[in-house]
Each structure stands twice: as C-alpha cells, then as structure tokens.
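Not measured: the values here are computed from a predicted model. If you read the sequence from its start, that first residue is 1, and numbering goes on from there.
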Amino acid sequence: MNNILDIKLKKIDKIYRPGSKVSGNVVINSKDDMSHSGVTIVVEGTVQLQLSSKSVGLFEAFYNSLKPITLMHYTISVTNGGGKFQAGVTELPFEFTLEPLPNQQLYDTYHGVFVNIQYSIKCDVKRGILSKDLTKTIEFIVEVPSPNKETSTPTPDSIVTFNITPDSLVNFKKISKADVPTFKISGGLVSAICNINEAFQGHMVIESADTVIKSVELQLVRVETCGCADGYAREVTEIQNIQIADGDIWRNFKIPLYMVFPRLFTCISTAGKTFKIEFEVNLVIMLEDGHLITENFPIKLVR
C-alpha cells in the first residue's frame, strides 16, 4: 500500500459563507513509519477569465484585464516543522476563517465557460530527497448572500406577463411576416428576480396556432462579460435545455413552466471590475414547418 494523503472537511456538503470557520483534518494513511519535513495547506480563491476564439486579438487591452484575480490566498502550517508519522492513520486538524484579501471580495463558486470562480485547499507533505512529496487538492463551495435586499418573494407586482404574436417578433432573418404562421401565445413568470435555491416558475397558454406545434422548450443561458473600459466581450452560452411539452399541444391549456437552477453552473447575478455574470431564460416553441418562436426573459438570481 502506498502512502495516501486526503483532506476531509467537517461539513459534508463543503458549503461555506464569508466569515465562517472552515475546519477539517489532513488524513495520512501510511503502511510504515513515514518521516516528513513539514505539512502545509494553501487556501486559494481565484477568478479565471478567458476570451472566446472570436474575441482574441480584438482588444489588446483585454490581456491585462484577463489576468487571474486572487480573492484569497494564505498558507497554514499544520505541523511544527518535520518529524515522523507512525504507521497507520494520522489525522492533523486545521481551521481557518473564510475571509478575502484586502481590497477584494468573495464571490459565489461558479463554473462557467469564460468565467470560473473556484476555491481550493491544497495540502503538501514535504519529504526527503529520495522520497516523493504527497499532494492533495480539494474544492470547497462558497455561497455569498446577495449584496442588496432585493427579494424573490412573489408579489402581484412581480409577475412578468407576456404575449407572443407574429407582430411581437423582432428577428425575422430574411423571412417576411407573410411566411410566418398565425399564432397567439400568452403566459406569465412568477418573478424575474429568482431565488437561486428555488425553482424558476411560470406558465404559458397556446391560445391559437394555425400550424402544428412540435415541442416547447425552456432554455437557461449564461451571459458572461469580460473586459474593461477600453472594450469588452459578451458571450452567451447554454447551461441547460428542458423540454416542457411534446407534440401539438391542446389550445387554451395552461402549461406549467418549472426549472431548477443547477449548482455550480449558476450563481447569484455577479458584477466585478473586469467581469459580469448574468442569466437569461428563453422560451422556445418549435413548429412542425421548421420555424422557431423564441421569447427571451432576462432574470436576476439572488440568495
């Protein structure tokens, strides 16, 4: 059996908020007595930004603003210098407070395409010249309360209603309104300000349509903006796509809209000095003749 190094946090879900204590154990499982030169852990939080291939080269100023942003970084010595671990399992406790560096702030953990916000704990066990050092890295999740007091509690004023007709469409792309079938679709969203821990909800009704409907889908997209005052790149990519209805739906039938926000791939709506993370929902109605009817709803995620 090789020597095994692991990091175990006391919270099973590994979710923490700014200012909270993060505690756990460095676990070393060795077959024989093992000498070492010290055990340290490095706690780091970073924002990684990158450009899409279509934006590279457009703005020279981007490359300075796209450097990784270090939100937190500190080193903790778990042992007082070197020594020897006995054969078997050794547990070394550690604890630190989740706080940002001066002039920085913590953001939600977020795994995007062009913006990534990650927090990690890396443990290093230094050994002699002839022995291989042991290294282990784990990720933990940070959830940040919304900075302002915007509420996601539904009220009569928060309901977003919509009516989709051929006259309300704005993007035709080389087709005339005469080629678009007649239809009327109505509905509403519970709110455009959504609690990230609760489901996105609403309803829609196909009041009339003189063509066969193939399917209805709900698409969640991320809008990631990277850049600075000299220019910025805005990228829209899909997170998930859920089919709400299949086939030619009954007319005047109330269809519920319901979607859970996936953890890690979404976060509260966030804006930093060189990046911004926003979210939108697209309601997509697919017609049998190939036409796509899309209604876009910008939403704000809060906690």
Side-chain angles (χ1 to χ4, degrees), residues 1-51 63 66-144 262-265 267 270 272 274-275:
M1 181 183 75
N2 294 325
N3 297 320
I4 299 172
L5 173 64
D6 198 9
I7 303 170
K8 292 188 177 179
L9 298 176
K10 289 189 177 178
K11 287 190 71 176
I12 295 174
D13 59 9
K14 299 180 182 178
I15 298 175
Y16 299 90
R17 290 201 168 196
S20 61
K21 296 279 188 184
V22 181
S23 58
N25 291 298
V26 173
V27 182
I28 299 161
N29 193 346
S30 56
K31 183 179 180 182
D32 304 306
D33 291 355
M34 187 182 84
S35 59
H36 66 93
S37 304
V39 180
T40 58
I41 62 173
V42 176
V43 182
E44 192 171 39
T46 58
V47 180
Q48 300 279 350
L49 306 174
Q50 68 181 72
L51 291 177
Y63 295 97
L66 290 180
K67 291 178 180 176
I69 303 167
T70 302
L71 306 176
M72 55 186 287
H73 184 99
Y74 32 89
T75 304
I76 303 167
S77 294
V78 183
T79 59
N80 294 320
K84 182 179 286 189
F85 296 128
Q86 299 296 319
V89 178
T90 303
E91 293 192 354
L92 306 171
F94 66 87
E95 184 178 89
F96 61 88
T97 303
L98 196 59
E99 292 179 342
L101 292 171
N103 302 318
Q104 289 291 357
Q105 69 179 93
L106 300 181
Y107 302 105
D108 264 20
T109 294
Y110 171 70
H111 293 187
V113 178
F114 304 103
V115 180
N116 270 285
I117 305 172
Q118 289 181 275
Y119 300 87
S120 64
I121 301 172
K122 180 183 178 183
C123 179
D124 288 309
V125 178
K126 298 294 181 184
R127 305 189 63 199
I129 299 173
L130 300 177
S131 301
K132 187 178 179 182
D133 293 346
L134 301 179
T135 300
K136 174 74 175 182
T137 304
I138 65 165
E139 182 182 4
F140 63 97
I141 299 167
V142 174
E143 290 186 350
V144 181
R263 180 189 280 186
L264 301 183
F265 299 109
C267 65
T270 303
T274 56
F275 71 94

| message | Taking Q86's backbone N and O only, do any of them form a donor-acceptor pair with D33's side chain (distance below 3.5 Å, no angle check)? | response | no

| remark: Here the pair of heavy atoms bringing G81 nearest to H36 is O-CE1, 3.6 Å

| said: Go through it in stages, so that I can follow the logic: the residues are L98 and M72, the test is side-chain contact (heavy atoms from CB on, under 4.5 Å), and I'd like the CA-CA distance, side-chain angles, deciding distance and then a yes or no. | reply: CA-CA 9 Å; L98 196 59; M72 55 186 287; 3.5 Å; yes

| query | Taking atom CG of L106 and atom CZ of R17, what is their separation to the nearest 0.5 Å? | reply | 12.5 Å

| How about Y74: does its OH atom have over 12 heavy atoms from other parts shown lying under 6.0 Å from it? | yes

| task | Output the distance between atom OG1 (T274) and atom CG (L49), rounded to the nearest 0.5 Å. | result | 5.0 Å

| task | Compare every heavy atom of L9 with every heavy atom of F94, then report the nearest pair and how far apart it is. | result | CZ-CD2, 3.9 Å

| note | Shortest non-hydrogen pair, Q104 vs I69, comes out as NE2-CG2, 3.8 Å

| said: Tell me if a side-chain donor or acceptor on D124 pairs with a main-chain N or O of T135 at a distance below 3.5 Å. | reply: no

| message | Please determine whether the number of non-hydrogen atoms from other residues, nucleotides or ligands lying under 6.0 Å from atom NZ of K10 exceeds 12. | response | no

| request: Report the C-alpha distance between C267 and I117 in whole Å, list the side-chain angles of each, state the deciding distance to 0.1 Å, and finish with yes or no for side-chain contact (heavy atoms from CB on, under 4.5 Å). | output: CA-CA 10 Å; C267 65; I117 305 172; 5.6 Å; no

| message | Would you say that more than 12 heavy atoms from the other residues, nucleotides or ligands in this model lie under 6.0 Å from the CZ of R263, or not? | response | no

| Taking all atoms of both residues into account, what is the closest heavy-atom pair of T40 and S77, and its distance? | CG2-OG, 4.1 Å

| Centroid separation Y107 to F275 less than 6.0 Å | yes

| request: Please report the closest heavy-atom contact between K136 and I7, naming both atoms and the distance. | output: O-CD1, 3.5 Å

| Full working for side-chain contact (heavy atoms from CB on, under 4.5 Å) between V115 and T270 | CA-CA 11 Å; V115 180; T270 303; over 6 Å; no

| For N80, does the CG atom have more than 12 heavy-atom neighbours from other residues, nucleotides or ligands under 6.0 Å away? | no

| field | Reported CG-to-NE2 distance for the pair N116 and H111, which is rounded to 0.5 angstrom | value | 6.5 Å

| request: Starting from the C-alpha separation in whole Å, work towards a yes-or-no answer on side-chain contact (heavy atoms from CB on, under 4.5 Å) for F85 and V39. | output: CA-CA 11 Å; F85 296 128; V39 180; 3.8 Å; yes

| field | Residue pair T109 / F140: nearest heavy atoms and the distance that separates them | value | OG1-O, 3.9 Å

| said: Is there a side-chain contact between E139 and Q118 in this structure, where contact means two heavy atoms from C-beta onward sitting under 4.5 Å apart? | reply: yes

| field | Under 3.5 Å donor-acceptor, D133 side chain and R127 backbone | value | yes

